[in-house]
Amino acid sequence: MAKVRKAVIPAAGLGTRFLPATKSVPKEMLPIVDKPIILYIVEEAVRAGVEEIIIVAGRNKHGIEDFFDVSYELQDKLEKDGKTDLLEIILRIQSLATVLSIRQKQALGLGHAVLCAKPLVGNEPFAVLLGDEIMIADANAKTVTQQLAESYENTGKSTVAIMKVPNAEVVKYGIVDVKPINETTFAVQSVVEKPKVEDAPSQWALPGRYVFDAAIFDLLKNTRPGKNGEIQLTDAMTGLAQTKGLLASTFTSRRYDAGDKLGFLQANIELGLQHPEIGDGLRRYLLEYAQRL
Ligand code: G1P
């Protein structure tokens, strides 16, 4: 079965939930401790064996391209100052993967953003990772994208991640109608974008990690605007489920909703606590601060 070598990261959103911070800085560049969100996403994909990252960007997203490019002056200065540890961090980012970008010229929806990547993906399976969600796997555990890629490579079927959400939250997600295959794997029957709770087929939600067969592109091309007048990835997924088949899999990583202010702060605190440089200091501060609340 073909290997999943490419990953698409849609990054054309305006980041309105984080204004004014995102007025001139792409939301993907906001830091969780000392790394921008996009780096966590790229690292997850690379751990799954992805070699080529395709960023679907809008205007105002040069910061993302520059981040993965050579920074000659900075590198030169770090080298002359003997700051080899920092230099290594910078050089590692450039060599993680080949990073390509393509423009989504109009904000026509997530399905349209994924379709924009077709000229760079071609006719092979690919992963999609949404930057609003950060997934952290333990050091020796599989990343979500790795779990999905292995499912594709073993079965030849597109596979998407799912998680159970409370009824009050189904309206925030694509929700899948599934038939269980085993404890962690399900066959998707159809997908509904952000249903009202009374219309939701289940509480299984899509947290923004997918591995698709290239057949999704033809389905996306024929997908008419759906919920909110946008070309929805979830509508094309229903087409895929009913033709080539679509699997859904639970996952073991911890998930942070970094597209939300509270989730963003939680990610900063939890990952800050694990950071070798500041973890102990942050823990002491939080304990002391909690006394004052
Ligand atoms: C998008 C998708 C939705 C998915 C969600 C995950 O919605 O359309 O199906 O569940 O991402 O974050 P958005 O949050 O971009 O509105």
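Both backbone and side-chain heavy atoms feed into the values below; hydrogens, waters and symmetry mates do not. Whatever order the structure lists ligands and atoms in, that order sets their numbers, starting from 1.
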Legend entry - Close approach, Asp132 and ligand 1, non-hydrogen under 4.0 angstrom: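 Distance cut 4.0 Å: Asp132 fails for ligand 1.
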Within a distance under 4.0 Å of any heavy atom of [X], pick out the atoms of ligand 1 and give their elements.
{"X": "Leu130", "result": "11 (O)"}
{"X": "Glu133", "result": "6 (C), 12 (O)"}
{"X": "Gly174", "result": "3 (C), 4 (C), 9 (O), 10 (O)"}

Legend entry - Pairs touching residues 276-290 that satisfy side-chain hydrogen bond (donor to acceptor under 3.5 Å, both in side chains), sequence neighbours left out: Glu288-Arg292
Please tabulate, for the side chains in residues 238-247, all donor-acceptor contacts under 3.5 angstrom to protein atoms that are two or more places apart in sequence or on a different chain.
residue : atom : partner : partner atom : Å
Thr238  : OG1  : Val191  : N            : 2.9
Thr238  : OG1  : Val191  : O            : 3.1
Thr238  : OG1  : Thr234  : O            : 3.4
Gln242  : NE2  : Gln189  : O            : 3.3
Thr243  : OG1  : Gly239  : O            : 2.7
Thr243  : OG1  : Leu240  : O            : 3.4
Lys244  : NZ   : Asp213  : OD1          : 3.4

Inset, instruction - Output yes when a protein non-hydrogen atom is found under 4.0 Å of atom 15 (O) of ligand 1, and no otherwise. - result: no
Would [X] count as a polar contact of ligand 1, with the cut-off being nitrogen or oxygen pairs under 3.5 Å?
{"X": "Lys172", "result": "no"}
{"X": "Leu110", "result": "no"}
{"X": "Lys194", "result": "yes"}

Inset, instruction - State whether Tyr152 and Lys157 meet the cation-pi test: NZ (Lys) or CZ (Arg) under 6.0 Å from the six-membered ring centroid, and within 45° of the perpendicular axis. - result: no
Inset, instruction - Looking only at protein heavy atoms, identify the closest one to atom 9 (O) of ligand 1 and say how far it is in Å. - result: Glu193 OE1, 2.8 Å
Legend entry - Identity and separation of the nearest protein heavy atom to atom 10 (O) of ligand 1: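 Protein heavy atom at minimum distance: Leu206 O, 2.7 Å.
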Legend entry - Distance-only side-chain donor-acceptor flag, Glu65 / Ser101, under 3.5 Å: yes
Legend entry - Side-chain ion pair, Arg209 and Glu133, N-O less than 4.0 Å: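 Salt bridge flag = no for Glu133 with Arg209.
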Legend entry - Presence of salt bridge, Asp132 and Lys27, under 4.0 angstrom: yes
Legend entry - Residue portion contacting ligand 1 (non-hydrogen atoms closer than 4.0 Å) for Thr234: side chain
Legend entry - Neighbour count >12 (heavy atoms, 6.0 Å) for atom NZ, Lys6: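 Atom NZ in Lys6 is crowded, with more than 12 foreign heavy atoms closer than 6.0 Å.
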Legend entry - Connected via hydrophobic side-chain network under 4.5 Å: Ile37 and Leu271: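 Yes: a chain of side-chain contacts under 4.5 Å links Ile37 to Leu271.
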